[in-house]
Structures are given as C-alpha cells and as structure tokens.
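Structure record follows, encoded as structure tokens.
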Amino acid sequence: MYGTFVVGIVFCVGVGGISGQLVRVQLQRDTERRVDLCDRDSECVPSIQYCNTATESPSKLKKCGYMQDIRVEGVCCPASNNNVPNKRKRQTSNDSDESDLDKALDRASPEPIKPFPEDPSCGINSKTTSSIMNVQSTTASDWPWMAVFLETLGYTNFCGGVILNRRFVLTAAHCFKKYTKKDLVIRLGEYDFTMKNETQYIDYRATDIRVHPDYDKATNINDIAIVKLNRPTTYNTFIRPICLPKTNMVVYKKTAIVTGWGQTSFGGEISDILMEVPVPVWDHINCTSAFTQPIFRTNLCAASYNGGKDSCLGDSGGPLLMQRQDGKWTNIGVVSWGIGCAEQGKPGVYTKVTSYLKWIAVNAQDVN
Ligand code: ARG
C-alpha cells in the first residue's frame with residue numbers, strides 16, 4: 001500500500017496518441033529480432049488456450065512472437081475463429097463487461113446459476129468512505145474479511161485476499177505462479193504481524209486452489225482465483241466475510257478503498273500493519289489510454305489522479321472495496337498489477353469482480 005499526502009488534483013490521463021507510437025517502436029525491435037512467424041493458414045496467439053480449433057497436440061504447435069503492444073511468446077494455431085484478444089475490440093464500449101466464462105456459463109446451464117448466498121454479517125464495519133482521508137494504519141477489527149497468504153518457508157506474506165464465506169477466499173490468479181498449495185498458509189484475522197495476541201488470527205491450509213481457467217499470465221486477463229480452506233472458519237470480531245457487488249453497481253469516478261500489507265513504497269518494505277488508502281476508480285477510457293499494455297473490460301483502474309496513492313507489491317489478491325448504498329462493503333476489484341507504484345498517470349490495475357460473479361457463484365458454493 002503506497003500513499004503520501006498530496007494536495008490538489010491534476011488530471012494527467014487520456015494521452016491517446018502515445019500508445020500508437022510505442023507499438024511502432026516495439027514492432028521495429030521485433031523485426032530486428034526476427035521473431036518466428038506462423039504459416040499462412042495459421043495465426044499467432046498468446047497461448048494455447050486461445051486456440052479454438054487446435055488439431056495438433058499442444059506440444060507440436062510452433063512457437064511464434066505474438067504482438068499485442070508488447071511482444072510475448074505465442075503459439076501458432078490453425079486459423080479460424082481463434083479467441084485472440086483484440087485491442088480495438090476490447091476498448092469499444094459495446095465490448096462485454098462479462099468474462100467469456102461467465103457468458104459461457106450462462107449459455108451452458110439449463111437452469112440459472114444459483115446466486116451466491118449473502119451472509120447477513122458480510123461487509124459490516126464501523127468505517128465510512130468519507131472518514132478515510134489518507135493512507136493510514138487501521139485498527140484491528142476494521143477490515144475483518146482480509147486474508148493474507150504466507151509462504152511456509154519464511155512465513156512472509158506475498159498476497160492478500162478476502163473471505164467470501166466460511167470455506168473460500170477470493171484472490172488473484174498470479175499469486176500462484178510461484179506457490180502451490182503445499183507452499184502456503186492462509187491467515188485470517190491478522191492485523192499487526194509484530195503483535196502476537198491482538199486478534200488471535202487463525203492459519204489454514206489450502207485444499208484447493210481454483211485459478212480462473214482462462215487466466216493468461218502474458219496479459220493478466222482473468223487474474224482471479226478462489227482458494228478453499230482445509231476447514232470452515234468461524235466468524236468473530238476479526239474474521240467475517242465481505243459482500244459481493246451487484247452486476248450494475250456504479251463504480252467509475254467513485255472513491256474506493258484498497259487494503260493490504262504490501263510495500264509502502266515501490267521496492268520498499270512490506271507493511272507489518274494492515275494499511276488502507278482511498279483511491280478513485282478511473283473511467284475505463286482513461287485507464288486504457290494510460291497503458292500500452294492491454295486493459296480489458298474486465299479490469300478496473302484505481303489510484304489518485306495525481307499520483308501518491310496506490311496499491312503496491314504484496315497487495316495483490318487483496319480487495320478494492322466500495323461501500324454499497326446500505327453501508328455494507330463490497331469487493332469490486334482484486335489487486336492485479338501496476339507499473340511501479342503510485343506514479344502519476346499509472347494507476348493500479350484490478351480484476352473487476354462484477355465480471356466474474358457467476359464463476360464465483362459456481363466455485364465458492366460448497367461451504368461444508
Ligand atoms: N502484482 C503486484 C503484486 O503481486 C501488485 C501490484 C500492484 N501495483 C500497483 N501499482 N498498484 O503484489
């Protein structure tokens with residue numbers, strides 16, 4: 001969590017022309033590197049999961065240089081309706097806010113998907129958005145839905161998450177690039193890592209890590225995962241679930257709160273104490289034009305417009321929180337990635353939770 005006190009608001013986004021120029025420079029570099037191209041009847045896609053029509057076994061697919069603002073290594077797929085993320089398509093307003101899997105789940109299920117049951121105690125604390133003015137440490141029971149992932153070797157935290165119900169924690173898919181379920185502990189009810197008994201945290205092991213099946217590490221699309229705890233938790237003052245937003249919740253240009261134990265400056269130390277920082281959610285168009293990397297309709301951007309307030313490394317998987325009309329807190333975003341931290345014009349990028357409500361409902365039901 002990164003935050004400094006900055007007075008005044010300076011808009012510095014919407015520089016549409018820049019990305020075109022950067023792409024051209026990148027293209028030149030790729031030509032110099034003589035990136036492999038695909039045969040005429042196949043096309044280069046970022047990874048095997050974009051091939052709808054792969055006839056070859058995956059290992060036989062030729063490697064190629066896939067261009068999407070940045071060059072990543074891709075594979076050649078027999079061309080025809082491959083599900084390639086297309087920058088222009090993603091950025092138009094009629095592009096769907098739903099993830100492809102959520103749309104497919106709708107089509108596939110004969111009955112509507114059972115809505116995710118909301119616990120009456122979800123999202124309740126004694127805070128209001130307007131009372132949170134700056135980055136600050138919270139008190140121990142402020143954000144009782146926070147989960148933290150620790151690696152078992154050194155017991156250091158590498159990601160955050162939120163409690164969905166007694167059995168499941170929502171977090172980011174990229175948290176599991178390095179760690180598998182035997183390498184981690186999920187701690188609920190933590191607040192200050194330097195104190196032993198302030199909250200009586202409880203550690204759990206993961207019995208299942210459900211990474212979104214369409215997560216792609218090259219583009220960070222669908223950066224969301226659900227982790228199943230080895231036993232159901234019990235709720236108390238320090239352990240309670242978050243609420244989920246409704247599909248139509250209006251979030252753009254509104255203030256959200258991001259919470260975590262991540263770095264308090266880029267490259268600096270992770271925090272011992274849970275931090276909170278208020279950040280406006282950027283308009284989608286300002287978000288896409290802030291980056292040369294692909295931004296999807298299933299992303300949200302948030303950070304102070306003039307820099308200084310942002311999430312940072314170690315906050316990943318943690319929540320971007322917004323208060324509903326009824327005062328309850330909902331998790332509207334999952335901390336995904338950024339360029340540096342808190343730099344002016346480079347907001348934090350989040351996975352937009354409302355795009356994954358069906359996937360969450362399907363994957364976080366079995367609470368016993
Ligand atoms: N990917 C980072 C992590 O694993 C999160 C970075 C967020 N960066 C930002 N500037 N908001 O912790």
Side-chain angles (χ1 to χ4, degrees), residues 1-4 6 12-13 70 135 146-151 154 156-162 169-180 183-184 186-187 193 209 211-212 215-225 227 251 255-272 274-282 286-288 290-296 298-321 331-353:
M1 189 70 38
Y2 186 98
T4 50
V6 195
C12 65
V13 289
I70 47 166
V135 68
M146 282 303 292
V148 59
F149 287 82
L150 310 171
E151 45 95 8
T156 48
N157 50 305
F158 62 91
C159 269
V162 283
V169 166
L170 184 72
T171 185
H174 81 261
C175 293
F176 309 105
K177 281 201 282 200
K178 250 179 52 198
Y179 302 105
T180 63
D183 310 319
L184 59 89
I186 306 123
R187 180 168 293 180
F193 279 98
I209 297 179
V211 168
H212 193 285
Y215 165 62
D216 175 35
K217 60 179 189 312
T219 59
N220 273 314
I221 191 169
N222 307 311
D223 190 7
I224 191 164
V227 175
V251 298
T255 302
I257 309 294
V258 52
T259 53
W261 288 269
Q263 292 177 355
T264 48
S265 63
F266 184 56
E269 295 281 315
I270 48 175
S271 178
D272 284 330
L274 179 60
M275 302 299 265
E276 63 191 21
V277 66
V279 282
V281 178
W282 289 31
N286 290 338
C287 177
T288 53
F291 293 103
T292 55
Q293 291 83 354
I295 300 290
F296 304 88
T298 52
N299 285 133
L300 289 175
C301 279
S304 52
Y305 296 116
N306 49 343
K309 291 195 186 103
D310 191 5
S311 47
C312 200
L313 265 67
D315 290 323
S316 274
L320 183 65
L321 299 161
N331 183 16
I332 62 161
V334 177
V335 179
S336 179
W337 60 274
I339 307 278
C341 295
E343 276 176 34
Q344 186 169 3
K346 293 279 175 224
V349 182
Y350 296 77
T351 308
K352 191 204 274 176
V353 173

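Whatever order the structure lists them in is the order used to number ligands and atoms, beginning at 1.
- A heavy-atom cutoff of 4.0 Å around ligand 1 is satisfied by the protein residues H174, D310, S311, C312, L313, G314, D315, S316, V335, S336, W337, G338, G340, C341, G348.
- With sequence neighbours excluded, the residues forming a side chain to side chain contact (heavy atoms under 4.5 Å, CB included) with I270 are N157, Q263, listed by chain and number.
- Within the 3.5 Å criterion, the main-chain N or O of T298 finds no donor-acceptor partner in the side chain of T351.
- In terms of heavy atoms, V334 sits closest to D223 at CG1-O, 4.2 Å.
- D315 places a side-chain N or O within donor-acceptor distance of the main-chain N or O of G262, the cut-off being under 3.5 Å.
- With hydrogens and angles disregarded, no donor-acceptor distance shorter than 3.5 Å links the side chain of T255 to the backbone of P278.
- For T171 against G160, the heavy-atom pair with the smallest separation is OG1-O, 2.8 Å.
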